[in-house]
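This one's a predicted model, so the numbers in the text were calculated from it and none came from an experiment. Letters A, B, ... are given to chains in the order of the sequence lines, protein chains preceding strands, and every chain is numbered from 1.
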2 protein chains.
Amino acid sequence: MADKKPTIHDVAARAGVSKSLVSLALRGSSKVSDASREAIERAAAELGYRPNATARSLADRKSRTIGINMAEIDNPIFPQMLSGAHAVIRERGYNTMLVSGERDPLVEFGELAKLLEFQIEGLILISHRMSATTVRSLASDVPTVVLTLQGITGPGIDSVTSDDEAGARMAMRHLFDLGHERIAHISGGSLEPAVVRERIYREEMSAAGLEAHISVYEGDLTNEGGLRAARELLSNGPTPTAIFASNDISAIGVMSACSEHGLSVPEDISILGYDGISIGELHAINLTTISQPLTAMGELAAERLFDRMAGKRLQGRSIVLEPELMVRGTTAAPKAQRQRN
Amino acid sequence: MADKKPTIHDVAARAGVSKSLVSLALRGSSKVSDASREAIERAAAELGYRPNATARSLADRKSRTIGINMAEIDNPIFPQMLSGAHAVIRERGYNTMLVSGERDPLVEFGELAKLLEFQIEGLILISHRMSATTVRSLASDVPTVVLTLQGITGPGIDSVTSDDEAGARMAMRHLFDLGHERIAHISGGSLEPAVVRERIYREEMSAAGLEAHISVYEGDLTNEGGLRAARELLSNGPTPTAIFASNDISAIGVMSACSEHGLSVPEDISILGYDGISIGELHAINLTTISQPLTAMGELAAERLFDRMAGKRLQGRSIVLEPELMVRGTTAAPKAQRQRN
DNA sequence: CCCTCTCCTTGGAACGCTCCAAAATAACGG
DNA sequence: CCGTTATTTTGGAGCGTTCCAAGGAGAGGG
């Protein structure tokens with residue numbers, strides 16, 4: 001630890017060969033005699049030699065690094081996707097450089113720029129809030145895959161999303177099938193997935209001839225936001241028989257508000273979330289939801305990125321997965337309905 | 001995009017100065033005339049020049065990168081700590097390289113080795129399961145801070161933990177104060193924090209003259225494990241009036257098991273967790289727990305690391321934080337007790 | 001014993017940047 | 001106007017690798 005770290009030269013000297021041969025041997029080239037290989041490996045081990053990845057990157061112009069930009073971690077869907085992507089990256093022998101914009105676009109921009117300076121070979125964006133312009137400008141420098149944002153396309157950009165329209169439709173159908181008519185929606189602000197879900201809510205209500213019952217309260221895809229919106233909704237007039245929340249985290253907030261108001265779920269009111277986060281499965285929550293294959297989406301994103309980096313000809317730029325209705329314990333037929341049976 | 005990325009030479013040529021001056025100017029040196037600076041900045045902007053961080057690292061021997069090894073993400077305490085550490089790292093202008101061992105020590109070892117090859121300047125280990133030998137060997141190469149593992153010390157190693165003994169004692173005192181005597185424990189396997197918590201459980205039970213009621217079922221710090229252990233416990237003989245689980249995630253599993261057995265919490269049985277993960281706060285869960293300042297621990301770890309990297313003389317190697325009892329809705333006096341009142 | 005062919009091995013030139021000693025220029029004082 | 005000093009600017013030598021063209025050493029053939 002006192003003197004400098006050993007370099008390839010030190011190994012070469014000790015093994016009595018040239019640095020070039022050491023380089024070859026250590027990378028497992030077949031054109032190195034057994035004798036030299038052995039000597040080199042011994043010397044390297046004795047010196048505790050560690051190749052310098054920085055130097056290597058510079059020399060061969062490959063960083064073997066993928067950048068990932070992940071939104072805040074207070075919504076577990078992001079870490080879950082991260083985990084999927086990260087696993088694939090590791091498996092392929094690449095490294096992951098993680099940045100996060102911390103909700104501040106300026107910070108985010110700076111962080112993304114740093115990733116590029118680090119010569120990342122590919123970029124995965126796990127976030128609901130990226131502007132199309134930013135993404136396009138990034139993608140002109142490095143292959144990019146966007147998760148969860150369907151709208152963004154352009155040269156160098158792939159996307160992995162799940163079909164939010166179909167999912168939201170499933171959600172509404174499920175509630176209709178149970179017999180609900182007075183269905184309210186907790187929206188999620190202006191972020192893309194939330195906007196789609198709200199639009200479908202309105203469309204489906206109208207299509208079912210229930211315009212009169214359309215009722216939207218604005219949340220923000222957080223637990224707090226769901227709680228707040230639901231409180232307002234519940235203290236504001238006729239209570240709906242079901243609430244479709246824009247995502248699971250806010251649906252859990254809605255559950256809290258309902259219990260505050262003495263409503264039991266699903267007896268008095270049904271609640272339906274969206275995302276399929278793993279805490280929703282917990283017995284204590286047991287949330288009916290539209291589930292997206294989060295980990296798989298992360299994996300797919302990484303795989304797609306590697307294919308693209310390898311220059312494979314691929315048809316299509318966006319992968320759209322099908323969400324799935326998970327009926328659990330927070331939805332049931334409305335009271336009136338059940339009495340009739 | 002067609003031709004190569006512009007380098008510092010291209011900028012120099014365009015601005016009509018030498019590469020050295022460009023380097024100086026771009027790093028904001030004060031000894032560059034205003035005229036040159038301006039010309040250089042313009043040239044850089046026009047070319048869309050991006051410094052190559054790899055080359056820079058090699059030249060000045062600073063990677064400006066911190067490595068973080070994080071255990072699986074299925075226990076949210078890890079992402080929460082990650083988030084704290086990550087924020088500080090970013091703030092200091094450093095980058096984060098993230099690896100994960102995926103439960104396999106061999107993989108973990110390889111990943112950690114890669115971090116070192118990338119010339120990271122510091123290492124943060126967020127994991128319950130690191131062997132002391134591994135950590136010591138890493139720390140001999142790079143300043144290291146360990147989170148949550150109190151036992152590991154050695155040259156170059158700092159640690160940030162919270163006082164598990166005190167915390168576990170608080171937990172037991174809380175249950176005693178409520179009047180519980182038949183208290184069971186769901187343990188967490190052989191990982192350090194779990195072992196400490198179990199030991200204190202036994203000590204406190206003995207000290208209170210309740211050896212006869214000591215009852216430990218083995219979990220593994222996962223939700224599943226807690227569920228399984230609690231099921232066994234509940235179908236196995238006299239039901240305790242309280243269960244102290246080794247961590248929150250497994251406590252939530254315990255809650256599920258209780259509800260399966262028709263026990264209501266906290267009326268029929270009290271449940272106490274440990275960690276203070278944010279889902280525990282959710283209304284639907286509302287778990288009484290011993291809370292550790294997770295995000296703060298992550299931040300502290302990163303700060304300590306930077307201090308160490310700066311070569312500051314610091315007294316002490318381990319920071320031990322005090323946990324806090326959060327009384328929420330899953331603990332109450334035992335039934336018998338309440339009847340007596 | 002010379003000539004070709006393989007099979008190994010090698011030195012030097014990148015990679016894009018920082019650092020440093022030294023050169024060039026500007027500024028100042030008498 | 002010259003010697004000094006302060007301010008800017010510069011070329012070259014690294015940083016630790018990889019890549020490549022070319023050199024050396026045996027082996028086999030005539």
Sugar-phosphate, base or nothing in reach of Ser36(B), heavy atoms under 4.0 Å:
sugar-phosphate
Check: Thr161(B) main-chain N/O paired with Gln150(B) side-chain donor or acceptor under 3.5 Å:
no
Using atom CG of Leu26(B) as one end and atom P of dC17(C) as the other, report the distance to the nearest whole Å.
9 Å
Ile8(B), nearest nucleotide to its side chain (from dC17(C), dT9(C), dG11(C))
dC17(C)
Most 5' of Ala55(B) and Val17(B) on DNA chain D, judged by nearest nucleotide:
Val17(B)
Quick one: which of dT18(C), dG16(C), dT9(D) gets closest to the side chain of Asp60(B)?
dT18(C)
Any Arg56(A) side-chain nitrogen or oxygen under 4.0 Å from OP1 or OP2 of dT18(D)
yes
Is Ser57(B) touching bases, backbone alone, or none of the nucleic acid, heavy atoms closer than 4.0 Å?
nothing
CD1 of Ile40(A) versus P of dT9(C): gap in Å, rounded?
8 Å
Should the pair Asp141(A)-Arg50(B) be classified as a salt bridge under the 4.0 Å nitrogen-to-oxygen rule?
yes
Expressed as a whole number of angstroms, how long is the span from Arg27(A):CZ to dG16(D):C1'?
12 Å
Distance-only donor-acceptor check, side chains Ser131(A) and Thr134(A), under 3.5 Å:
yes
What does Ser20(B) touch in the nucleic acid at a heavy-atom separation under 4.0 angstrom: a base, only the sugar-phosphate, or nothing?
base
Separation of atom CG in Asn52(B) from atom P in dC15(D), rounded to whole Å:
18 Å
Counting only distance, no hydrogens or angles, is the base of dG12(D) paired donor-acceptor with the side chain of Lys19(B) under 3.5 Å?
yes
Taking the side chain of Tyr49(B) as its heavy atoms from C-beta onward, which of dC17(C), dC19(D), dT9(C) lies nearest to it?
dC17(C)
Between P on dG16(D) and CG on Leu24(A), what's the gap in Å once rounded to a whole number?
20 Å
Which part of the nucleic acid, if any, lies within reach of Arg37(A) when heavy atoms closer than 4.0 Å are counted: base, sugar-phosphate only, or nothing?
nothing
Rounded off to whole Å, could you give me the CZ-to-C1' distance for the Arg50(A) and dT17(D) pair?
17 Å
Thinking salt bridges, do Arg64(A) and Glu121(A) make one under a 4.0 Å N-O criterion?
no
Expressed as a whole number of angstroms, how long is the span from Asp34(B):CG to dT8(D):P?
8 Å
Tell me whether Glu111(A) is salt-bridged to Lys114(A), with the criterion being a basic N under 4.0 Å from an acidic carboxylate O.
yes
Of dT10(D), dG12(C), dT18(D), the nucleotide closest to the side chain of Ser18(B) is dT10(D)
Applying a 4.0 Å non-hydrogen cut-off, can you work out what Ser33(A) is touching in the nucleic acid: base, sugar-phosphate, or nothing?
sugar-phosphate
Interatomic distance, Leu21(A) CG vs dC19(D) C1' [rounded to whole Å]
14 Å
